[in-house]
Amino acid sequence: MTRYQAYQGNQVEGAGPLGLVLLTYEALFKSLGRTRVAILAADMSAEATHTSRAVEALIELNSSLNMEAGGDIAQSLASLYIYMMNRLSDGLCSASTEHVDEVIRLVQELREGWMQLSAQQKSGQQRSHLKVATG
């Protein structure tokens, strides 16, 4: 195992549920970028490989949803994840980046929302630590 692989393993092990969602979004975003590059290079094999990884990330995000606790938001996210998977599948080997570009835009927007939620949680934790420390 390389040092980088060990670092990645530690990053995953140390991440809470929200951290894992963010890591999955990062993997998804990278896979989509690589898919786009493969399409532009007319490399169908690489396109298929990276599209598959992106779909795997979407499946992971979808399966991590708590439908009972998440209510309408979880249902909307599930529908959006399925839509993105379908767009990627429909556009596979089409020699066009249109479908990937659309999914990238959606992922960027969702990722930013999750990052804001993470920042709010960290800010709230820091405030609670300050209250405890200042008494």
Side-chain angles (χ1 to χ4, degrees):
M1 179 183 300
T2 67
R3 288 183 185 176
Y4 180 71
Q5 288 171 327
Y7 168 76
Q8 284 183 314
N10 289 338
Q11 196 176 21
V12 170
E13 288 175 14
L18 184 54
L20 291 174
V21 168
L22 289 172
L23 287 171
T24 305
Y25 269 98
E26 289 303 315
L28 172 58
F29 191 70
K30 286 178 184 176
S31 293
L32 291 169
R34 290 177 179 147
T35 298
R36 190 173 197 290
V37 168
I39 292 168
L40 294 173
D43 185 344
M44 289 186 182
S45 176
E47 177 188 356
T49 297
H50 296 300
T51 299
S52 175
R53 289 183 181 152
V55 169
E56 287 172 9
L58 287 165
I59 290 169
E60 182 63 32
L61 289 167
N62 194 42
S63 67
S64 70
L65 293 171
N66 183 336
M67 294 307 210
E68 290 179 25
D72 289 341
I73 293 172
Q75 192 64 39
S76 294
L77 283 171
S79 296
L80 192 54
Y81 294 150
I82 291 168
Y83 172 79
M84 288 189 278
M85 285 186 258
N86 288 335
R87 283 294 287 150
L88 291 174
S89 296
D90 291 345
L92 195 59
C93 299
S94 67
S96 169
T97 63
E98 179 184 333
H99 61 288
V100 175
D101 292 338
E102 178 185 358
V103 174
I104 286 173
R105 284 189 298 274
L106 292 169
V107 168
Q108 281 178 316
E109 194 171 322
L110 289 170
R111 184 177 68 162
E112 287 172 14
W114 285 106
M115 290 170 70
Q116 288 175 358
L117 180 61
S118 177
Q120 288 172 355
Q121 280 189 352
K122 288 177 183 174
S123 176
Q125 289 173 351
Q126 288 174 348
R127 278 192 228 119
S128 66
H129 290 308
L130 264 169
K131 285 182 182 179
V132 170
T134 58

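This chain uses plain numbering: 1 for the first residue, then up along the sequence.
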Engineer: Looking only at non-hydrogen atoms, find the nearest pair between A48 and L92 and report the distance.
Structural biologist: CA-CD1, 4.1 Å
Engineer: Could you tell me which non-hydrogen atom of S31 sits nearest to which non-hydrogen atom of A54, and how far apart they are?
Structural biologist: CB-N, 3.8 Å
Engineer: Of all heavy-atom pairs between W114 and L77, which one has the smallest distance, and what is that distance?
Structural biologist: CZ2-CD1, 3.9 Å
Engineer: Quick check: are there more than 12 heavy atoms from other residues, nucleotides or ligands sitting under 6.0 Å from CG of D72?
Structural biologist: no
Engineer: Restricting to non-hydrogen atoms, name the atom on M67 and the atom on A78 that form the minimum distance, rounded to 0.1 Å.
Structural biologist: CE-CB, 3.4 Å
Engineer: Any chance you could measure L80, atom CG, to L61, atom CG, to the nearest 0.5 Å?
Structural biologist: 10.5 Å
Engineer: Which pair of heavy atoms, one from E60 and one from S63, lies closest together, and at what distance?
Structural biologist: O-OG, 3.1 Å
Engineer: Taking all atoms of both residues into account, what is the closest heavy-atom pair of I104 and G33, and its distance?
Structural biologist: CD1-N, 4.5 Å
Engineer: To the nearest 0.5 Å, what is the distance between CD (E26) and CE (M115)?
Structural biologist: 6.5 Å
Engineer: Is there a side-chain contact between V107 and V103 (heavy atoms, below 4.5 Å)?
Structural biologist: yes
Engineer: Around atom CD of E98, are there more than 12 heavy atoms of other residues, nucleotides or ligands at under 6.0 Å?
Structural biologist: no
Engineer: Taking the side chain as everything from C-beta on, heavy atoms only, tell me whether L65 gets closer than 4.5 Å to Y81.
Structural biologist: yes
Engineer: For a side chain to side chain contact (heavy atoms under 4.5 Å, CB included) check, start with the C-alpha distance between S64 and L20, then their side-chain angles and the critical distance, and finish with the verdict.
Structural biologist: CA-CA 10 Å; S64 70; L20 291 174; over 6 Å; no
Engineer: How long is the straight-line distance from CG of L32 back to NE2 of H50, given to the nearest 0.5 Å?
Structural biologist: 11.0 Å
Engineer: Mind checking the CG-CG spacing from L28 to L110? Nearest 0.5 Å is all I need.
Structural biologist: 9.0 Å
Engineer: Whether the side chain of E47 engages the backbone of C93 through a donor-acceptor N/O pair (distance < 3.5 Å, no angle test) should be reported.
Structural biologist: yes
Engineer: Report the C-alpha separation of I39 and H99 in whole Å, then their side-chain angles, then the decisive distance to 0.1 Å, and conclude whether the side chain to side chain contact (heavy atoms under 4.5 Å, CB included) test is met.
Structural biologist: CA-CA 11 Å; I39 292 168; H99 61 288; 3.9 Å; yes
Engineer: Answer with yes or no whether the hydrophobic clustering places Y83 together with V100; edges join I, L, V, M, F, W, Y residues whose side-chain heavy atoms lie under 4.5 Å apart.
Structural biologist: yes
Engineer: For the CE atom of M85 and the OG1 atom of T51, what is their distance to the nearest 0.5 Å?
Structural biologist: 13.5 Å
Engineer: Please round to the nearest 0.5 Å and tell me the distance separating atom CD of E112 and atom OH of Y25.
Structural biologist: 11.5 Å
